[in-house]
Chemist: 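Please read through the structure below; I'll follow up with questions.
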Amino acid sequence: MTLYGKSGMYEQAHKLFDEMPELKCQRTVNSFNALLAAYLHSKKFINAGELLEQLPEKLGIEPDLISYNTVIKAYCEMGSMDSALSMVDTLEKKGLEPDIITFNTLLDGFFSRGRIVDGDEIWGLMEKKNVVPDIRTYNSKLRGLVHGNKVLEAVEFFEEMKNEGIEPDIHSYNALITGYCDEGNLEQVKHWYGELKKSYKPDRATYCKVLSFLRKKNEFEMASEICKEAMDRRLISGVTWMDKLVSESRIEEAIQFVESGLSRSALKLRFP
DNA sequence: ATAGGGTTAG
């Protein structure tokens with residue numbers, strides 16, 4: 001069942017869910033969770049919460065941890081952090097235990113809203129419950145610090161996680177690069193881009209962020225090099241970059257640029 | 001069946 005993505009698909013999902021008995025399909029916690037996910041992905045957050053409150057007893061379905069995690073995500077998305085947090089008490093009263101997904105969802109909600117202190121408190125609660133933080137836990141705090149313009153603290157935290165044996169992944173590097181792009185710090189963007197490349201291939205997010213930054217800074221040399229690489233890997237189209245060259249009448253550079261790396265399909269895209 | 005960033009698509 002592909003119920004996700006498009007807004008409005010929750011209606012289809014709910015209709016199907018209602019018709020299941022006639023179709024001789026038994027409704028289970030799995031189909032209930034699929035319904036919750038449909039509401040979540042259609043951004044009908046409040047309905048997901050209401051559904052969890054009403055439907056299970058009406059239908060005799062016992063919600064599981066996935067049901068609660070889905071609704072916690074919905075509350076986080078709508079910014080109802082108190083409701084999200086209170087779901088932990090609710091699920092525990094039902095005899096369930098919050099897992100790493102529960103905590104990562106909550107932490108991402110708090111950290112991404114700049115609520116670092118509250119996030120740290122929840123982090124402590126997580127450890128008290130013997131749920132071991134993973135790379136995504138660390139990354140959510142990294143992004144939170146960056147989002148709150150605390151890039152230096154983010155770098156400190158980056159080092160801290162390495163000391164604790166958590167190997168930074170591409171999201172970790174991208175968070176720091178984003179921080180320094182937003183600060184306008186060219187030297188540090190270059191530094192962390194270099195650090196990233198020692199262990200990973202930049203991904204689409206890296207390229208987008210770094211290229212738009214370098215373009216703003218008029219760092220043509222480095223930008224065109226990176227742009228070529230990104231186009232070769234089919235991760236960006238390069239059209240916008242070339243448009244800028246053309247609009248500034250830097251035609252020679254644009255032509256060189258095209259000849260040196262642009263793929264046939266990208267050319268067709270620009271000059272159909 | 002549940003948790004990620006970025007935005008260069010126009």
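Reckoned from all heavy atoms, side chains included, excluding hydrogens, waters and symmetry mates. Letters A, B, ... are given to chains in the order of the sequence lines, protein chains preceding strands, and every chain is numbered from 1.
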Chemist: Looking at A:Lys15 and A:Glu11, does any basic side-chain N land under 4.0 Å from a carboxylate oxygen?
Modeler: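 No, A:Lys15 and A:Glu11 are not salt-bridged.
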Chemist: Using a 4.0 Å cut-off on heavy atoms, which residues in residues 66-89 of chain A reach DNA chain B? List them by number, or say none.
Modeler: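 Nucleic-acid contacts, sorted: A:Ile66, A:Asn69, A:Thr70, A:Lys73.
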Chemist: Run the salt-bridge test on A:Lys141 and A:Asp120 with the 4.0 Å N-O cut-off and return the result as yes or no.
Modeler: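 Looking at A:Lys141 and A:Asp120, the cut-off is met.
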Chemist: The side chain of A:Thr105 is closest to which nucleotide in this list: B:dT8, B:dA3, B:dA1?
Modeler: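 Per side-chain heavy atoms of A:Thr105, the pick is B:dA3.
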Chemist: Indicate yes or no: at least one non-hydrogen side-chain atom of A:Ile135 is less than 4.5 angstrom from one of A:Ser172.
Modeler: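 Yes, at least one pair of side-chain atoms sits under 4.5 Å.
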Chemist: Nearest whole Å is fine: how far is B:dG4 P from A:Leu106 CG?
Modeler: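 One finds 12 Å between P of B:dG4 and CG of A:Leu106, rounded.
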Chemist: Let me know the distance between CD1 of A:Ile170 and C1' of B:dG5, rounded to the nearest Å.
Modeler: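 Those two atoms, CD1 and C1', are 10 Å apart.
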Chemist: Can a donor-acceptor pair be found between the side chains of A:Glu160 and A:Tyr138 at a distance below 3.5 Å?
Modeler: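 Checked: A:Glu160/A:Tyr138 side chains show no N/O donor-acceptor pair below 3.5 Å.
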Chemist: Side chain of A:Arg215 only, please: which of B:dG6, B:dT8, B:dG5 is the nearest?
Modeler: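 When the side chain of A:Arg215 is considered, B:dT8 is the closest of B:dG6, B:dT8, B:dG5.
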Chemist: Can you tell whether the side chains of A:Asp203 and A:Arg233 come within less than 4.0 Å, N to carboxylate O?
Modeler: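 No, no charged N to carboxylate O under 4.0 Å.
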Chemist: Nearest whole Å is fine: how far is B:dA1 P from A:Met20 CE?
Modeler: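 It is 13 Å, rounded to the nearest whole Å.
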Chemist: Nearest to the A:Leu211 side chain among B:dG6, B:dT8, B:dA1, which nucleotide is it?
Modeler: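 Nearest nucleotide to the side chain: B:dT8.
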Chemist: Has the side chain of A:Asp169 got a donor or acceptor that lies under 3.5 Å from a partner of the other kind on the base of B:dG4?
Modeler: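 Per atom types, the contact qualifies.
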Chemist: Excluding sequence neighbours, so at least two apart, what forms ring-ring contact (aromatic ring centres under 6.0 Å, His included) with A:Phe158?
Modeler: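 So A:Phe158 forms a ring-ring contact (aromatic ring centres under 6.0 Å, His included) with A:Tyr173, A:Trp192.
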Chemist: Please tabulate, for the side chains in residues 49-69 of chain A, all donor-acceptor contacts under 3.5 angstrom to protein atoms that are two or more places apart in sequence or on a different chain.
Modeler:
| residue | atom | partner | partner atom | Å |
| --- | --- | --- | --- | --- |
| A:Asp64 | OD1 | A:Asn33 | ND2 | 3.1 |
| A:Asp64 | OD1 | A:Ile66 | N | 3.1 |
| A:Asp64 | OD1 | A:Ser67 | N | 3.0 |
| A:Asp64 | OD1 | A:Ser67 | OG | 2.9 |
| A:Ser67 | OG | A:Asn33 | OD1 | 2.6 |
| A:Ser67 | OG | A:Asp64 | N | 2.9 |
| A:Ser67 | OG | A:Asp64 | O | 3.3 |
| A:Asn69 | OD1 | A:Thr102 | OG1 | 2.7 |
| A:Asn69 | ND2 | A:Asp99 | OD1 | 3.3 |

Chemist: Classify A:Asp182 by what it touches in the nucleic acid, base, sugar-phosphate, or nothing, heavy-atom distance under 4.0 Å.
Modeler: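 The residue A:Asp182 makes no contact with any strand.
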Chemist: Taking only residues two or more places apart in sequence, or in another chain, which ones meet A:Glu97 in a salt bridge (charged side-chain N to carboxylate O under 4.0 Å, His left out)?
Modeler: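 Once residues adjacent in sequence are excluded, A:Glu97 has no partner under the salt bridge (charged side-chain N to carboxylate O under 4.0 Å, His left out) criterion.
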Chemist: Can you measure A:Leu35 atom CG to B:dT2 atom C1' for me and round it to whole angstrom units?
Modeler: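 Distance check: A:Leu35 CG to B:dT2 C1' gives 14 Å.
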Chemist: I need the residues from residues 194-208 of chain A with at least one non-hydrogen atom less than 4.0 Å from DNA chain B; give them sorted by number, or say none.
Modeler: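 Nucleic-acid contacts, sorted: A:Asp203, A:Arg204, A:Ala205, A:Cys208.
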Chemist: Is it the case that the side chains of A:Asn139 and A:Asn174 hold a donor-acceptor pair, with the cut-off being a distance below 3.5 Å and no angle test?
Modeler: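 Side chains of A:Asn174 and A:Asn139: no pair found under 3.5 Å.
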Chemist: Do A:Val88 and A:Ile122 have side-chain heavy atoms sitting under 4.5 Å apart?
Modeler: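 Not in contact.
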Chemist: Side-chain N or O of A:Lys209 versus OP1/OP2 of B:dT7: is the shortest distance under 4.0 Å?
Modeler: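 Checking A:Lys209 against B:dT7: at least one side-chain N or O falls below 4.0 Å of OP1 or OP2.
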Chemist: Checking A:Arg27 against A:Phe17: charged group under 6.0 Å from the ring centre and within 45 degrees of the axis?
Modeler: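 That pair qualifies as a cation-pi contact.
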Chemist: Would you kindly give the CG-to-P distance between A:Leu36 and B:dA3, to the nearest whole Å?
Modeler: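 A:Leu36 atom CG is separated from B:dA3 atom P by 12 Å.
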Chemist: Counting side-chain heavy atoms from C-beta on, which of B:dG5, B:dT8, B:dG6 comes nearest to A:Ile236?
Modeler: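 So the side chain of A:Ile236 is nearest to B:dT8.
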Chemist: Which pair of non-hydrogen atoms, one from A:Arg113 and one from A:Cys76, has the smallest distance, and what is that distance?
Modeler: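 Scanning both residues, the minimum pair turns out to be NH2-O, 3.0 Å.
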Chemist: Can you tell me the distance, in whole Å, between the CH2 atom of A:Trp192 and the P atom of B:dG5?
Modeler: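 About 21 Å, once rounded to whole Å.
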Chemist: What's A:Asn30 touching, base or sugar-phosphate or nothing? Going by heavy atoms closer than 4.0 Å.
Modeler: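 Since a base atom lies under 4.0 Å of A:Asn30, the category is base.
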Chemist: Of all of residues 132-143 of chain A, which get a heavy atom below 4.0 angstrom from DNA chain B, listed by number?
Modeler: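 When residues 132-143 of chain A is checked for heavy atoms under 4.0 Å from DNA chain B, the hits, listed by number, are A:Asp134, A:Arg136, A:Asn139, A:Arg143.
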Chemist: Under 4.0 Å between any heavy atoms, over every strand shown, what does A:Thr102 touch: base, sugar-phosphate, or nothing? Just pick one.
Modeler: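 Nothing, no nucleic acid heavy atom in range.
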